[in-house]
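Supplied in structure tokens, the structure appears directly below.
Quick note on labels: first sequence line is chain A, next is B, and so on, each numbered from 1. Please read these numbers as outputs of a predicted model, since none were measured by experiment.
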Amino acid sequence: MEKRPGVDGLKIIVTVVMFAGSVLFLLPFVWMLVTSFKVESEVFAYPIQWLPKEWNAVENYKAVWFGDYPFTLYYWNSIKVAVITTAASCLISAMAAYGFSKIKFRASNFLFMIVLVTYMIPGQAILIPQFIIYRNIGLFDSHLGLVLLGTFSVLGTFMLRQFFMGLHQEFIESAKIDGAGHPRIFWSIALPLVKPAVATYAILRFIWTWNDYQNPLIFIRSDKLLTLPIAIQKFTSMSGEFYSLIMAAAVSAILPLIIIFILGQKNVIEGIALGGVKG
Amino acid sequence: MGQIMETLTQKPPAVRNRKGWSLQKGETLSGLLFVSPMLIGVTILVLIPIIATLVLGFADWNFVQGFDGIRWVGLQNFSNLLQDDMFIRSVRNNFIFLLTVPVYLLVSMVLAILIDRYVYMKGYFKIAYFVPYVSMTVAVAIVWQVLFQPSYGPINEMLKAIGIADPPKWIADPHFALISIMMISVWISIGFNMIIYIAGLQSIPKDLYEAAEIDGANAWTKFRRITFPLLSPTTFFLLVTGIIATFKVFDVIAVLTQGGPIGSTTMMVWYLYDTAFVNLKVGYASAIAVVLFLFVMLITFGQWLAEKKWVNY
């Protein structure tokens, strides 16, 4: 396909310039990572030391993870909430997506319209009633409450519905003739066929839940139930001037996301492109 | 004979109809079963709350008073909002914040074109520019807080080193705080927009460019006549989602400035949060929520109209 095989001079120049640009773009992350390895007295030394003179990495991370601040507890809370939310949201979105695309029933279109309309409502416009409801049905200040807030995703339903619609109806019909009911068809035929789409949505939902700051801020009160975003903010105001430790905590919180993102980047990027352009 | 034929041909459809009817009933039942968890969740967590917001906007109420404490005050919350300097300031800041959208759209579009056509190691660039978008906003905001530190932060150290004696105090300075936050917001948003632009670029047929090359078009002409117009649906989509996203900005402000210094970075959602969950004025905060909701609805409706009129897919 390449018209000119071999090396393209212009392309090399652009690549070099873009590479320099990307380093500049990522400089805050580099600074964060390097700072997390430094001793505190070196953090603001100028000119900026991009390689620590004195490595203090082990001590810093040890102080964050096993110090007085219950960082491991918050980490565990984050893992718990993000994993359960992701699983629940995938299941419920996939079920709804299957129902709205592969089962022909009366009111289907009308109900789907209702679900779609809720997508236009900005989350913050409904925080107050959600708070009141949560206070009154006992979901306030609980992980279950947090999980439920992330579970009912219109975006997930919409995204997975697109994929289910791409499956040939014949799969469903022939399974029906063989006597399978919808639960079976859903679980053992349709769902495996859209596995890549579910994986994409799962990665996105995990990232969003892991990063969520607003819901825990409003719906969690007990210290022991906090997830990482607020825990890190608290840690920052408590640690005051210990920037090396703050950065070690920040790196610890971001690292799983970067790993998940790099492993699943094809899924994430395709999912976002698809959801974006077609949504 | 004819009669027999008639009954023979008539009967099966009748049977099929009845069977079809019960089949249809079964389908409806399983359909409802499959979508009901979603419907119930959306009803309790979104539909009822949005109605409640619209209703509470007309009340004077405080969380601690209990439901008996609700006083209905008609449009008073809304007329108070019009005279509330902090609210007007929030709306104004929201509108200033809109400027971030064209900025990051332009940057993302240029990056997307370069990455799609003119570089090696595409995979690396996609990941590199996307990293801020997937990273935890709170952690990233804390890093920026340190970078922006006025007296010994790295950014100002660098500025001093290149001869700027009195660099701005960034998020601590009322004149620079909003623009600092806007810069961070641009930085975070570029990755997402770039990815969608790359997808948009890949849907442009290659033979258009080949035909243009045969006609002797240079890179600029190709951009102006092919790339830019054919990207317009993508640009339009990103513009609308971007505008809506600016109305939802919260995390960065909550972590970095809390609306300050002296109200210079307050935005509608921040003011809503502050009014409802710090000052506990539920009715008044609901009125803000109603205004926020109306703004977003208006944009969505405008998008719908414009799409019907201008955009051809």
Query - Under 4.5 Å from a heavy atom of chain B, the part of A:Phe25 involved - result: both
Query raised in the report: Side chains of B:Met267 and B:Phe250: closer than 4.5 Å at any heavy-atom pair?
Result: no
Report summary line: Checked B:Ser286, B:Gly191, B:Gly41 vs chain A; the most non-hydrogen pairs under 4.5 Å come from B:Gly41
Query raised in the report: Any idea which heavy atoms bring A:Ile262 and A:Gln265 closest together, and the distance?
Result: O-CG, 3.2 Å
Report summary line: So, the part of A:Phe19 with a heavy atom under 4.5 Å from chain B: the answer is both
Requested in this report: Sort B:Tyr124 into side chain, backbone, both or neither according to what part of it lies under 4.5 angstrom from a heavy atom of chain A.
Outcome: side chain
Query raised in the report: For A:Trp31, is it the side chain, the backbone, both or neither that has a heavy atom under 4.5 Å from a heavy atom of chain B?
Result: side chain
Query - Side-chain H-bond candidate by donor/acceptor type, A:Tyr213 with A:Gln233, under 3.5 Å - result: yes
Report task. Determine whether A:Ile172 and A:Phe164 make a side-chain contact, defined as any pair of heavy atoms from C-beta on separated by less than 4.5 Å. Result -> no
Query - Proximal component of B:Thr300, with respect to chain A [non-hydrogen, under 4.5 Å] - result: side chain
Report task. Please state whether the side chain, the backbone, both or neither of B:Val138 comes within less than 4.5 Å of a heavy atom of chain A. Result -> side chain
Report task. Check each atom of B:Val296 against the heavy atoms of chain A and say whether the ones under 4.5 Å are side chain, backbone, both or neither. Result -> side chain
Query raised in the report: Are side-chain heavy atoms of A:Pro216 and A:Leu146 found at a separation under 4.5 Å?
Result: yes
Query raised in the report: Contact part of B:Leu32 toward chain A, heavy-atom cut-off under 4.5 Å: side chain, backbone, both or neither?
Result: both
**Report entry** Pairwise side-chain contact, A:Ile254 with B:Val140, heavy-atom cut-off 4.5 Å (strictly under)
**Finding:** yes
Query raised in the report: Can you check whether A:Ile218 reaches A:Leu127 side chain to side chain, under 4.5 Å on heavy atoms?
Result: yes
**Report entry** Proximal component of B:Ile50, with respect to chain A [non-hydrogen, under 4.5 Å]
**Finding:** both
Query raised in the report: Does any heavy atom of chain A fall under 4.5 Å from the side chain of B:Ala254, the backbone, both, or neither of them?
Result: both
Query raised in the report: Taking the side chain from B:Trp304 and the backbone from B:Ile299, do they hold a donor-acceptor pair closer than 3.5 Å?
Result: no
**Report entry** Minimum heavy-atom distance B:Met268-B:Ile288, with the two atoms named
**Finding:** O-CG2, 4.0 Å
**Report entry** Heavy-atom side-chain proximity of A:Arg106 to B:Glu27 below 4.5 angstrom
**Finding:** no
Query raised in the report: So, B:Tyr118 and A:Thr15: side-chain donor and acceptor under 3.5 Å apart, yes or no?
Result: no
Report summary line: Ranking B:Ala276, B:Ala289, B:Ala285, B:Pro132 by heavy-atom pairs under 4.5 Å to chain A gives rank one to B:Pro132
Query raised in the report: Is there any residue in residues 155-162 of chain B with a non-hydrogen atom under 4.5 Å from a non-hydrogen atom of chain A, and which ones are they?
Result: B:Glu157, B:Met158, B:Ala161
Query raised in the report: With only heavy atoms counted, which part of B:Tyr273 is less than 4.5 Å from chain A, the side chain, the backbone, both or neither?
Result: side chain
Report summary line: Scored by heavy-atom pairs under 4.5 Å with chain A, the best of B:Phe247, B:Phe130, B:Phe277, B:Trp144 is B:Phe277
Query - Heavy-atom contact with chain A under 4.5 Å, split by part of B:Leu33 - result: backbone
Report summary line: Answer key: most heavy-atom pairs under 4.5 Å with chain A among B:Ala52, B:Ser135, B:Ala139, B:Pro37 is B:Ser135
Query raised in the report: Does any non-hydrogen side-chain atom of A:Phe158 lie less than 4.5 Å from one of A:Tyr119?
Result: no
Query - Side chain, backbone, both or neither of B:Leu272 within contact of chain A (heavy atoms, under 4.5 Å) - result: side chain
Report task. Name the region of A:Ser237, side chain, backbone, both or neither, that has any atom closer than 4.5 Å to a heavy atom of chain B. Result -> neither
Requested in this report: Using a cut-off of under 4.5 Å on heavy-atom pairs, state which of B:Val134, B:Leu292, B:Val42 scores highest against chain A.
Outcome: B:Val134
